[in-house]
> 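My questions all concern the structure below.
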Amino acid sequence: TSIGEDGYLTITDINTKELIHSALLNPAGLKCMISDKENKRNFIADAEGWIYIYTMKEYPPELLIKLQTIPKSASDALP
């Protein structure tokens with residue numbers, strides 16, 4: 001499983017390297033992915049501050065929730 005600046009989540013077969021699944025999450029680009037292998041979940045952050053949580057227990061991967069983070073400028077104003 002990989003992400004790209006093109007905004008795609010891409011899943012390839014570990015043995016054959018064949019493309020299994022591809023999904024455009026955000027054309028602005030994806031920035032970071034953390035995999036929780038124990039719970040089979042991927043946490044993906046995009047360039048606009050959204051976090052996507054996908055379960056990898058089934059095919060195709062299922063979006064569990066999409067969360068908006070607080071912009072840095074707004075969080076600086078918090079007490």
> Would you say that Tyr8 contacts Ile3 through its side chain, given a criterion of any heavy-atom pair below 4.5 Å between the two side chains?
no
> Got Asp36 and Phe43 here, is their nearest side-chain heavy-atom distance under 4.5 Å?
yes
> Would a 4.5 Å heavy-atom cut-off, applied to side chains only, mark Thr1 and Met33 as touching?
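Thr1 reaches Met33 side chain to side chain.
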> Closest approach of Thr10 and Ser22, non-hydrogen atoms and distance?
OG1-OG, 4.1 Å
> Which heavy atom of Gly49 sits nearest to which heavy atom of Gln68, and what is that distance?
O-NE2, 3.4 Å
> Where do Ile20 and Thr12 come nearest, in terms of heavy atoms and distance?
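Result for this residue pair: CD1-C, 3.7 Å.
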> Please tell me if the side chains of Glu48 and Asn26 come closer than 4.5 Å, counting only heavy atoms from C-beta onward.
yes
> Salt bridge check, Glu62 against Lys57: does any charged N sit closer than 4.0 Å to a carboxylate O?
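Salt bridge: no.
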> Is there a path of hydrophobic side-chain contacts, each under 4.5 Å between heavy atoms of I/L/V/M/F/W/Y residues, joining Ile14 to Tyr59?
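In one cluster: no.
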> Evaluate the side-chain proximity of Asn42 to Ile34: yes if any heavy-atom separation is below 4.5 Å, no if none is.
no
> Does any non-hydrogen side-chain atom of Tyr54 lie less than 4.5 Å from one of Arg41?
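No - every pair of side-chain heavy atoms lies 4.5 Å or more apart.
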> Search all heavy atoms of Ala28 against all heavy atoms of Ala47 and return the closest pair with its distance.
O-CB, 3.5 Å
> Would a distance-only check, ignoring hydrogens and angles, find a side-chain to backbone donor-acceptor pair under 3.5 Å from Thr16 to Glu18?
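It does hold such a pair.
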> Any heavy-atom pair between the side chains of Ile11 and Met56 that's under 4.5 Å?
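Side-chain contact under 4.5 Å: yes.
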> Taking atom CG of Leu19 as the centre, does the number of heavy atoms from other residues, nucleotides or ligands within less than 6.0 Å exceed 12?
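More than 12 heavy atoms, drawn from other residues, nucleotides or ligands, come within 6.0 Å of this atom.
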> Decide whether Ile44 and Ile53 are clustered together by the hydrophobic rule: side chain heavy atoms of Ile, Leu, Val, Met, Phe, Trp, Tyr closer than 4.5 Å, transitively.
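Per the 4.5 Å side-chain linkage, Ile44 and Ile53 are not co-clustered.
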> Nearest 0.5 Å, please: how far is CD in Glu5 from CG in Leu30?
8.0 Å
> Would you say Lys40 has more than 12 foreign heavy atoms packed within less than 6.0 Å of its NZ?
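Open.
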> Would you indicate whether the side-chain heavy atoms of Tyr52 and Leu67 approach each other to under 4.5 Å?
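Of all side-chain heavy-atom pairs linking Tyr52 with Leu67, none is under 4.5 Å.
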> Please answer: with hydrophobic residues joined when any side-chain heavy atoms are less than 4.5 Å apart, are Ile51 and Leu25 in the same cluster?
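Different hydrophobic clusters.
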